[in-house]
Undergrad: 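What follows is a structure written as structure tokens; I'll ask about it next.
From a predicted model like this one, the values you see are computed outputs, not experimental measurements.
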Amino acid sequence: SFHTAQKGNFMAHQFTIQHTILGVSLHDFKNLVQDINLHETVCHRIPGENLEILESKIVDHTYSLCGTYHLDVNVPDLIKKLLKDAFRVKRTDVVNLDQLTSTIQLDTSLPVEANCKRVVTGSGGQVEVLVNWTVNVNIPLIGERIEKHAEGEIRKFSTLELLIIEEEVKTRLSA
């Protein structure tokens with residue numbers, strides 16, 4: 001699902017991704033996300049190049065992760081060559097480890113802003129993850145087309161990340 005919201009002179013494109021992790025209790029999930037190693041492992045498994053973790057720490061029930069990497073985005077090779085470092089992304093995650101809420105901010109060298117709010121809830125044997133993304137492209141005329149393309153790429157990476165989180169959590173529970 002997606003809708004748009006006014007932001008300055010441009011419309012911000014919004015969409016939601018939901019993911020259910022079966023066979024994992026909220027209690028177990030909450031315990032596992034206290035481990036910095038889990039977050040860093042997930043980060044390293046997201047497809048991209050030249051990952052550099054600039055910050056990864058827990059202070060007062062808040063986990064902060066900041067890293068940069070080149071995303072392996074789906075655009076023609078010629079555009080990739082022309083925009084060499086354009087797909088270098090700086091990602092900042094701030095996670096409230098008690099409430100299982102987080103924000104993710106993606107900064108690129110292009111006039112594209114993307115951020116999300118992630119909420120984790122659960123019951124008995126499953127965990128529900130809800131991710132609400134907002135994408136804003138400050139390019140007149142073609143911004144809307146770029147936002148739709150950006151949504152496709154963000155959906156792909158966000159869904160893949162959720163599958164990686166699920167796999168890492170289940171692996172650690174069975175260890």
Side-chain angles (χ1 to χ4, degrees), residues 1-2 14-74 85-110 112-136 150-175:
S1 69
F2 74 91
Q14 298 178 317
F15 59 96
T16 300
I17 299 170
Q18 292 174 277
H19 185 76
T20 303
I21 301 175
L22 296 172
V24 176
S25 73
L26 188 62
H27 176 77
D28 286 342
F29 187 87
K30 195 171 187 173
N31 285 338
L32 289 169
V33 298
Q34 308 292 322
D35 181 6
I36 285 178
N37 182 268
L38 171 69
H39 299 275
E40 290 181 1
T41 300
V42 169
C43 191
H44 281 285
R45 289 189 57 195
I46 294 171
E49 296 175 350
N50 303 327
L51 169 68
E52 186 181 350
I53 293 179
L54 306 172
E55 177 182 85
S56 179
K57 66 182 183 188
I58 295 176
V59 178
D60 296 332
H61 310 287
T62 300
Y63 172 68
S64 303
L65 173 70
C66 182
T68 61
Y69 51 94
H70 287 286
L71 271 185
D72 185 15
V73 292
N74 183 24
D85 284 336
F87 302 109
R88 184 117 185 114
V89 174
K90 180 180 179 196
R91 174 176 164 157
T92 306
D93 295 40
V94 178
V95 182
N96 180 317
L97 297 169
D98 285 341
Q99 297 176 8
L100 295 180
T101 57
S102 55
T103 58
I104 299 170
Q105 175 74 40
L106 301 179
D107 294 306
T108 67
S109 49
L110 297 170
V112 176
E113 297 170 25
N115 59 68
C116 77
K117 291 186 179 359
R118 187 163 56 189
V119 177
V120 178
T121 57
S123 60
Q126 71 181 46
V127 172
E128 297 287 337
V129 185
L130 189 64
V131 188
N132 292 309
W133 278 99
T134 301
V135 179
N136 200 27
E151 175 184 345
E153 290 297 301
I154 290 171
R155 275 187 185 279
K156 178 180 82 177
F157 282 103
S158 205
T159 301
L160 180 60
E161 179 180 12
L162 291 167
L163 291 169
I164 291 168
I165 290 169
E166 176 174 359
E167 193 176 286
E168 287 295 328
V169 163
K170 287 183 173 180
T171 299
R172 287 158 199 264
L173 280 177
S174 64

Undergrad: So, taking the atom named OG1 in T68 and the one named CG in N50, what distance separates them when rounded to the nearest 0.5 Å?
TA: 8.5 Å

Undergrad: Is there a side-chain contact between C66 and L54 (heavy atoms, below 4.5 Å)?
TA: yes

Undergrad: Do L160 and I46 have side chains that approach each other closer than 4.5 Å (heavy atoms only, starting at C-beta)?
TA: no

Undergrad: Could you report the tightest heavy-atom contact between L130 and Q18, atom names first, then the distance?
TA: CD1-CG, 3.1 Å

Undergrad: Counting only heavy atoms from other residues, nucleotides and ligands, does the tally under 6.0 Å from NE2 of H27 exceed 12?
TA: no

Undergrad: Calculate, to the nearest 0.5 Å, the distance between atoms CG and CG belonging to D35 and L97 respectively.
TA: 10.5 Å

Undergrad: Is a donor on one side and an acceptor on the other found under 3.5 Å between the side chain of Q34 and the backbone of K30?
TA: yes

Undergrad: Does the pair L51 and C43 meet the rule for a side-chain contact (heavy atoms from CB on, under 4.5 Å), with working shown?
TA: CA-CA 8 Å; L51 169 68; C43 191; 3.8 Å; yes

Undergrad: How long is the gap from CD1 on I104 to OG1 on T92, to the nearest 0.5 Å?
TA: 10.0 Å

Undergrad: I would like to know whether R172 and T41 meet side-chain contact (heavy atoms from CB on, under 4.5 Å); could you show each step before the answer?
TA: CA-CA 12 Å; R172 287 158 199 264; T41 300; 3.4 Å; yes

Undergrad: Main chain of N96, side chain of H61: is a donor-acceptor contact present, judged purely on distance under 3.5 Å?
TA: no

Undergrad: Within a strict 4.5 Å, meaning less than it, do heavy atoms of the N115 and T103 side chains meet?
TA: no

Undergrad: Considering non-hydrogen atoms only, spot the tightest contact between H19 and I21 and give its length.
TA: CD2-CG1, 3.7 Å

Undergrad: Could you go through the side-chain contact (heavy atoms from CB on, under 4.5 Å) check for E113 and T134 one step at a time?
TA: CA-CA 8 Å; E113 297 170 25; T134 301; over 6 Å; no

Undergrad: Is K170 reaching over with its side chain to a backbone N or O of L22, donor-acceptor style, under 3.5 angstrom?
TA: yes

Undergrad: Counting C-beta onward and ignoring hydrogens, is there a side-chain heavy-atom pair between L162 and V131 closer than 4.5 Å?
TA: yes

Undergrad: Are the side chain of T159 and the backbone of K156 linked by a donor-acceptor contact shorter than 3.5 Å?
TA: no

Undergrad: To check you understand the geometry: which heavy-atom pair defines the closest contact between E128 and T20, and what is its length?
TA: OE1-OG1, 2.9 Å

Undergrad: Measuring from atom CD1 of I53 to atom CD1 of I36, what distance do you get when rounded to the nearest 0.5 angstrom?
TA: 10.0 Å

Undergrad: Heavy atoms only: give me the nearest S158-W133 pair and the separation to one decimal.
TA: OG-NE1, 3.2 Å

Undergrad: Give me the atom names and distance for the closest heavy-atom approach of A150 to V135.
TA: CB-CG1, 4.0 Å

Undergrad: Could you check if a side-chain atom of V119 sits within less than 4.5 angstrom of a side-chain atom of K117, using non-hydrogen atoms only?
TA: no

Undergrad: Can you find a pair of side-chain heavy atoms, one from F15 and one from I154, that are under 4.5 Å apart?
TA: yes

Undergrad: To the nearest 0.5 Å, what is the distance between CZ on F157 and CD1 on I17?
TA: 12.0 Å

Undergrad: Could you pull out all residues at least two apart from E161 that satisfy salt bridge (charged side-chain N to carboxylate O under 4.0 Å, His left out)?
TA: R91, R118

Undergrad: Could you tell me whether the side chain of L100 reaches within less than 4.5 Å of the side chain of L26, counting heavy atoms only?
TA: yes

Undergrad: Would you say that D93 contacts H39 through its side chain, given a criterion of any heavy-atom pair below 4.5 Å between the two side chains?
TA: no

Undergrad: With rounding to the nearest 0.5 angstrom, report the CG to CG distance, L38 to L32.
TA: 6.5 Å

Undergrad: Please tell me whether S56 and E40 have a donor and an acceptor in their side chains that are separated by less than 3.5 angstrom.
TA: yes

Undergrad: For a side-chain contact (heavy atoms from CB on, under 4.5 Å) check, start with the C-alpha distance between V24 and L173, then their side-chain angles and the critical distance, and finish with the verdict.
TA: CA-CA 8 Å; V24 176; L173 280 177; 3.9 Å; yes

Undergrad: Determine whether more than 12 heavy atoms belonging to other residues, nucleotides or ligands lie under 6.0 Å from atom CG of D60.
TA: no

